[in-house]
Amino acid sequence: MTTDVVIVGAGGMGREMYGVIRLLNAVPPAGPRWRVLGFVDDYPTESNVALVARLGVPFLGPTRWLAGQPTTTQVALGVGQPRLRRETDQAIVGYGLPAAVLVHPAAEIGPDCVFQEGLFAAGGARVTTNVILGRHVHLNQNCTIGHDVTLGDYVSVNPLAAVSGYCRLADEVLVGTTAAVLPQLTVGGAAIVGAGACVTKDVPAGVVVTGVPARPMGQSATDARHRGSPAGRGPAR
Ligand SMILES: CC(C)(COP(=O)(O)OP(=O)(O)OC[C@H]1O[C@@H](n2cnc3c(N)ncnc32)[C@H](O)[C@@H]1OP(=O)(O)O)[C@@H](O)C(=O)NCCC(=O)NCCS
């Protein structure tokens with residue numbers, strides 16, 4: 001069965017999702033699973049629209065294009081930055097379209113893991129066992145999620161980051177590329193673990209930590225989140 005899907009976000013994250021969908025369609029023996037209708041974006045940059053065109057996929061316009069789509073059409077929320085992902089989800093949820101679950105053929109989701117709509121797992125992402133993943137969790141290339149971990153809604157784990165066993169990351173946490181979170185730690189909502197950091201203690205909500213061992217850098221600001229966005233949507237807005 002082929003399911004129609006619209007990618008929300010013409011930036012790097014959305015285009016990476018398109019790449020995963022293409023691979024999923026190529027995996028035998030199932031045949032094409034997804035038909036990509038195109039991309040929508042309320043704030044597209046010219047360069048992103050051009051890059052979408054290079055993929056040979058239509059740019060459909062703003063997210064209101066989703067209005068009137070049958071509820072069999074799914075959305076792939078290709079927004080890398082956690083807060084912006086939540087806001088975009090809230091803006092489009094009224095259209096009543098389910099969020100696609102996209103797991104790269106070379107990603108692994110282990111036994112007894114629970115996930116919600118919108119899970120995106122890029123190539124090489126590994127989720128071990130007894131893991132709980134919230135809505136629109138993004139697991140980027142080659143990250144690892146240890147046993148008994150809970151990730152809240154809109155959490156992003158960037159490439160090569162490692163979240164160790166029994167950790168709890170609240171909603172909208174961003175774990176930067178190559179960072180490590182040691183076992184049994186809690187990271188509060190919307191906190192940011194900077195790229196390359198090693199978290200050895202609990203991180204309060206909204207705090208940015210960097211370094212080895214990780215220390216607070218300051219309160220997370222929207223600006224910092226945008227600049228830290230994994231393959232974001234272009235300039236901050
Ligand atoms: C920590 C982070 C959120 C800070 O973002 P920011 O507030 O925009 O910070 P800036 O780039 O303005 O840098 C401010 C200072 O912090 C330092 N810094 C930035 N990120 C750092 C990091 N991860 N570790 C150590 N120091 C860091 C900068 O060198 C700079 O130092 P200076 O003032 O001595 O020149 C961001 O750099 C980061 O690591 N984001 C993770 C996102 C990620 O993984 N991106 C890759 C996606 S694939």
Side-chain angles (χ1 to χ4, degrees), residues 7 9-20 45 47-48 51 76-88 102-104 106-107 118-127 133 136-146 149 151-164 167 169-182 185-237:
I7 299 173
M13 193 74 230
R15 286 181 276 109
E16 281 191 24
M17 281 184 160
Y18 175 68
V20 171
T45 63
S47 64
N48 282 340
L51 288 166
L77 190 39
V79 176
Q81 195 278 322
R83 172 64 55 86
L84 192 54
R85 187 153 74 249
R86 177 175 63 74
E87 290 171 356
T88 308
L102 299 173
V103 177
H104 188 289
L119 171 64
F120 173 69
R126 288 185 171 176
V127 179
L133 304 171
H136 286 295
V137 164
H138 281 191
L139 306 175
N140 291 296
Q141 295 95 321
N142 297 309
C143 71
T144 59
I145 310 297
V149 164
L151 302 184
D153 296 342
Y154 312 104
V155 166
S156 284
V157 183
N158 279 353
L160 289 164
V163 179
S164 307
C167 283
L169 277 51
D171 295 353
E172 298 179 29
V173 166
L174 172 69
V175 181
T177 186
T178 73
V181 185
L182 296 188
L185 297 177
T186 298
V187 181
I192 296 176
V193 177
C198 181
V199 177
T200 60
K201 294 177 180 162
D202 290 349
V203 177
V207 168
V208 181
V209 294
T210 55
V212 180
R215 308 268 188 228
M217 181 182 179
Q219 294 294 305
S220 57
T222 303
D223 185 50
R225 289 199 193 101
H226 279 279
R227 276 187 268 172
S229 169
R233 309 174 72 193
R237 64 175 178 86

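Below, all heavy atoms of this structure are taken into account, side chains as well, without hydrogens, waters or symmetry copies. One-based numbering, in listed order, for ligands and for the atoms of each.
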Trainee: With distance as the sole test, does Arg126 use its side chain to make a donor-acceptor pair with the main-chain N or O of Thr144 at under 3.5 Å?
Mentor: no

Trainee: As a test of understanding, state which of Val173, Val163, Asp171 forms a side chain to side chain contact (heavy atoms under 4.5 Å, CB included) with Val155.
Mentor: Val173

Trainee: Give a yes or no answer on whether the side chain of Arg86 reaches the backbone of Tyr154 with a donor-acceptor pair at less than 3.5 Å.
Mentor: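 Judged by distance alone, no pair lies under 3.5 Å.
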
Trainee: Of Leu160, Thr178, Thr177, which meets side chain to side chain contact (heavy atoms under 4.5 Å, CB included) against Asn142?
Mentor: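 Among the candidates, only Leu160 passes.
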
Trainee: Where is the tightest heavy-atom contact between Met17 and Leu77, given as atom of each residue plus distance?
Mentor: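 For Met17 versus Leu77, the nearest heavy atoms are CE-O, 3.3 Å.
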
Trainee: Identify, by atom number and element, the atoms of ligand 1 in contact range of Thr177, meaning under 4.0 Å from any of its heavy atoms.
Mentor: 43 (C), 44 (O), 46 (C)

Trainee: Just jot down the ligand 1 atoms closer than 4.0 angstrom to any heavy atom of Ala195, in number order.
Mentor: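 Ligand 1 atoms under the 4.0 Å threshold to Ala195: 22 (C), 23 (N), 24 (N), 38 (C), 39 (O), 41 (C).
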
Trainee: Can you list the ligand 1 atoms lying under 4.0 Å from a non-hydrogen atom of Gly194?
Mentor: 1 (C), 23 (N), 39 (O)

Trainee: To the nearest 0.5 Å, what is the distance between OG1 (Thr45) and CG (Leu51)?
Mentor: 7.5 Å

Trainee: Relative to atom 19 (C) of ligand 1, which among Met217, Gln81, Arg215, Met13 owns the nearest non-hydrogen atom?
Mentor: Met217

Trainee: If you measure from each non-hydrogen atom of Pro159 to ligand 1, which part falls under 4.0 Å: side chain, backbone, both or neither?
Mentor: side chain

Trainee: State the atoms of ligand 1, each with its element, that fall below the 4.0 Å cut-off from a heavy-atom position in Ile192.
Mentor: 3 (C)

Trainee: Return the option from Asn158, Asn140, Val175 holding the heavy atom at the smallest distance from atom 43 (C) of ligand 1.
Mentor: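 Heavy atom nearest to atom 43 (C) of ligand 1 belongs to Asn158.
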
